[in-house]
Each structure stands twice: as C-alpha cells, then as structure tokens.
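The sequence lines fix the lettering, A, B, ..., with proteins before strands; numbering per chain opens at 1.
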2 protein chains.
Amino acid sequence: MNAVKPRLRLQFGKAVAIGPGKAELLELIAETGSISAAAKRMAMSYRRAWLLVDTMNRCFDSPLVETAAGGKGGGGARITDLGREVLARYRSILTKCAEAAADDFAFLDSHLASAPPENPH
Amino acid sequence: MNAVKPRLRLQFGKAVAIGPGKAELLELIAETGSISAAAKRMAMSYRRAWLLVDTMNRCFDSPLVETAAGGKGGGGARITDLGREVLARYRSILTKCAEAAADDFAFLDSHLASAPPENPH
DNA sequence: CAGCGTTATATGCGCCAGGATATATCGCCA
DNA sequence: TGGCGATATATCCTGGCGCATATAACGCTG
C-alpha cells in the first residue's frame, strides 16, 4: 500500500550533523573499513563521501570516523565508539518516532493519492 | 546551549509530501489567504511557492489548498480541512518524536562540537 | 626501495534547481 | 467595460552542488 517514508536530518547550524545519507555511509564504513569502498557501495564519489565524513566529524566533539593514510592495504577508516553510538541513537529516534506517532502516519497514509506524482511539471 | 534541530520530510515516491518548508508555507497561506503573500513572507519566489503547493496537492487524494483566479482582490488561496489536518498531523509527529526520543536528542546534544562547522571546505 | 591502495586535496566542467521575467486568464468592482 | 490583483504557466539565465580527474603523501609489504 502507499505509504510515506520519513526522512530525518539533524541540523547543527548550517550543517547536517547526521541524516539518511550520512547514516548509511557510517554503516558501510563500519562494514567495509574504508571510505572509498563505502562510497562505491553507495554509487557515490569518493570526494562526496569524504566531505560527508569530514562534516560529521566536525559536528561532534570527537570524531565518528578515524582514518589512516598508508599502511596495510593502503590505509582505511574505522568507526569510533562515538560513531557507533551516534548511529544507534539516530536509528533509535526514527523507530521511536514511528511508534509514538503511528496514528498520525496512518492518517497521512490513508489520505495519500493513488500514486506519487511522477511528472512534477 | 548547542542543540541539534530535527528536520523531518515525509517522502512519497520521489516527491516530498510535506516537510519544513511546505508546512510553513501551508501555515502562511492559511494566515494570508494567498500564495503570493505567503511566498513574500518566506522571501520565496511565487513560482517556487506555487510548485510546492502543486506538489502537496498532488501527493494527497484531495487538495490541501484550493485556489481561485480572479474575483475579489484578484483571487486567493485557502487551506482545506484536509490541509489543516495534514499540517496538524505533521506538527504532531514532530512533538511526539521530540518527546519519545528526548534521551537520544540529549545524548547527541551533549556530544556536539563547541560550534557548528562554518567553513565546510 | 619500489609498488600498491587508501586518504587527502585542488581544479575544471556539467547539470539542474530555483530566480527573474513575461504573458495570459480570471472574476469582482468602480 | 476597463482596471486591478491574484493564479497559472512558459522561457531564459545564473549559482552552486557534485562528478570526474589529477596529484601528493602516507606507510606497510614484497
């Protein structure tokens, strides 16, 4: 059935501390151990991925991702404890939100059009 | 104190059914009775405001905003009952989310940098 | 010490969202 | 019936975001 997908961004000043894209990136970095591999998985340029990581790191009081240039396998990136917790908290907000406002989401879903607008002019 | 501002968008297919901008626009249309006046208040072009309204209307099974070209004062726009309720539900989701995940927000806030990144490269 | 893969960073280009502008139409009102 | 103000819609242009590309540095490994 038609349903609306909530997308949450946590804004810190002008920057987005974390959002759907950064969260997925964080997860993939944890999984792959490198920024470039994570970027490939998301079909995203390394440049963009690096920028996202940089922004995340600078939004918090300590880095979410630590990197190493050179060394075994050329280097890599690993997620810190804070990174893991930030990611968990972000996910937690989403699930709690879906639960707490289930009735509101149900109402909105029940009034959606039969199909999403394809050609928005 | 430093705090993160949650920004929620409800996506329906490729379109955003409602988000922070559309919600504010909806509110201002209700208040002013016209798309152009609401757009001015938001320092937004009429074109953009009209497109946002059009998208919103097409995302739901009946319009959130009804318009009239010509007539007293040249015409105008008014928010429908559904529009009012969609707006209320959107706000409701935000407040319920803030309550339900207060601890998560508190954690994130407590680990924010001393200032938001100004020059993101 | 040469080679490799990764991080780190600069530069140029292309695309497109959005602004600016122009025009048509509508329906009350003086 | 002409004027007004708002909706409705097309066209042109610009700024900025993101991609592609290029280069340097790094540090293990053979």
Side-chain angles (χ1 to χ4, degrees), chain A residues 7 9 11 13-16 19-22 24-26 28-58 63-80 83 117-121, chain B residues 7 9 11 13-17 19-22 24-26 28-59 63-80 83 117-121:
Chain A
R7 296 183 77 80
R9 295 163 189 253
Q11 196 128 8
K14 295 180 180 180
V16 175
K22 291 191 173 74
E24 186 181 351
L25 183 62
L26 213 49
L28 286 176
I29 288 174
E31 195 174 325
T32 62
S34 105
I35 294 180
S36 66
K40 271 201 180 67
R41 285 259 197 109
M42 294 183 65
M44 162 190 305
S45 67
Y46 172 81
R47 170 195 161 83
R48 175 157 175 69
W50 185 88
L51 249 43
L52 294 184
V53 168
D54 183 61
T55 298
M56 277 192 283
N57 280 346
R58 299 210 285 157
L64 309 195
V65 172
E66 280 175 348
T67 58
K72 173 185 235 170
R78 70 177 196 85
I79 188 174
T80 64
E118 277 301 331
N119 304 320
H121 280 269
Chain B
R7 297 182 78 79
R9 293 162 190 255
Q11 197 129 7
K14 295 180 180 180
V16 176
K22 289 191 174 74
E24 186 182 351
L25 183 62
L26 214 49
L28 287 175
I29 288 174
E31 193 174 325
T32 61
S34 106
I35 296 179
S36 67
K40 271 202 180 65
R41 285 257 199 108
M42 294 183 67
M44 163 190 304
S45 67
Y46 172 79
R47 169 196 161 81
R48 176 154 174 71
W50 186 88
L51 283 171
L52 294 184
V53 168
D54 184 61
T55 299
M56 277 191 282
N57 280 346
R58 300 210 283 158
C59 276
L64 309 194
V65 172
E66 281 175 347
T67 58
K72 172 186 234 168
R78 71 178 196 83
I79 188 175
T80 64
E118 277 301 331
N119 305 322
H121 278 270

> Please report the distance, rounded to the nearest Å, between CG in L52(A) and P in dG18(D).
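Taking atom P of dG18(D) as the reference, CG of L52(A) is at 8 Å.
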> Assign A37(A) to base, sugar-phosphate, or nothing according to its heavy-atom contacts below 4.0 angstrom with the strands shown.
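It contacts nothing in the nucleic acid.
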> Donor-acceptor pair, distance only, cut-off 3.5 Å: does the side chain of S34(B) make one with the backbone of A77(B)?
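No; zero donor-acceptor contacts below 3.5 Å.
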> Check M56(B) against A17(B) and note the closest heavy-atom contact, atom names and distance.
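Nearest heavy atoms, M56(B) then A17(B): CG-O, 3.5 Å.
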> Can you pull every protein N or O that's under 3.5 Å from an N or O on nucleotides 17-21 of chain C?
residue: dG18(C); atom: OP2; partner: R48(B); partner atom: NH1; Å: 3.3
residue: dG19(C); atom: OP2; partner: S45(B); partner atom: OG; Å: 2.7

> Please name the pair of heavy atoms, one in V53(A) and one in I29(A), separated by the smallest distance, quoted to 0.1 Å.
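What the structure gives for the nearest pair is CG2-CD1, 3.6 Å.
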> It should be established whether S36(B) places a side-chain nitrogen or oxygen under 4.0 Å from OP1 or OP2 of nucleotide dG5(D).
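So the side chain of S36(B) is outside the cut-off, no N or O lying under 4.0 Å from OP1 or OP2 of dG5(D).
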> Please report the closest heavy-atom contact between P117(A) and R58(B), naming both atoms and the distance.
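Scanning both residues, the minimum pair turns out to be CD-O, 4.1 Å.
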> Once you round to the nearest 0.5 Å, how far does CD of E24(A) lie from CZ of R41(A)?
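With rounding to 0.5 Å, CD (E24(A)) is 10.0 Å from CZ (R41(A)).
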> Working to the nearest 0.5 Å, report the span between NZ of K22(A) and CG of L52(A).
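Rounded to the nearest 0.5 Å, the NZ-CG separation comes out at 5.0 Å.
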> Roughly how many Å is it from CG in N57(B) to P in dT7(D), rounded to a whole number?
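It is 13 Å, rounded to the nearest whole Å.
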> For dG5(D), does OP1 or OP2 lie under 4.0 Å from any side-chain N or O of S34(B)?
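So the side-chain polar atoms of S34(B) never come under 4.0 Å of the phosphate oxygens OP1 or OP2 of dG5(D).
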> Considering all heavy atoms of both residues, which atom of I35(B) and which atom of A49(B) are nearest to each other, and what is their separation?
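I35(B) and A49(B) have their closest heavy atoms at CG2-CB, 3.9 Å.
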> Search all heavy atoms of T32(A) against all heavy atoms of A38(A) and return the closest pair with its distance.
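Scanning both residues, the minimum pair turns out to be OG1-N, 3.8 Å.
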> Side chain of W50(B): nearest nucleotide among dA8(D), dA6(D), dT7(C)?
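It is dA8(D).
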> Begin with the C-alpha distance, continue with both residues' side-chain angles, and end with the deciding distance and a verdict on side-chain contact (heavy atoms from CB on, under 4.5 Å) for V65(A) and L26(A).
CA-CA 8 Å; V65(A) 172; L26(A) 213 49; 3.6 Å; yes
> Between dC29(C) atom C1' and K72(B) atom NZ, what is the distance in whole Å?
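That distance rounds to 10 Å.
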> Quickly work out the I29(A) CD1 to dT6(C) P distance and round it to whole Å.
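For the pair I29(A) CD1 and dT6(C) P, the rounded distance is 13 Å.
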> Find every protein N or O atom lying less than 3.5 Å from an N or O atom of nucleotides 23-25 of chain C, and list the pairs.
none

> Nearest of dT6(C), dT7(D), dT9(C) to any side-chain atom of Y46(A)?
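Output: dT9(C).
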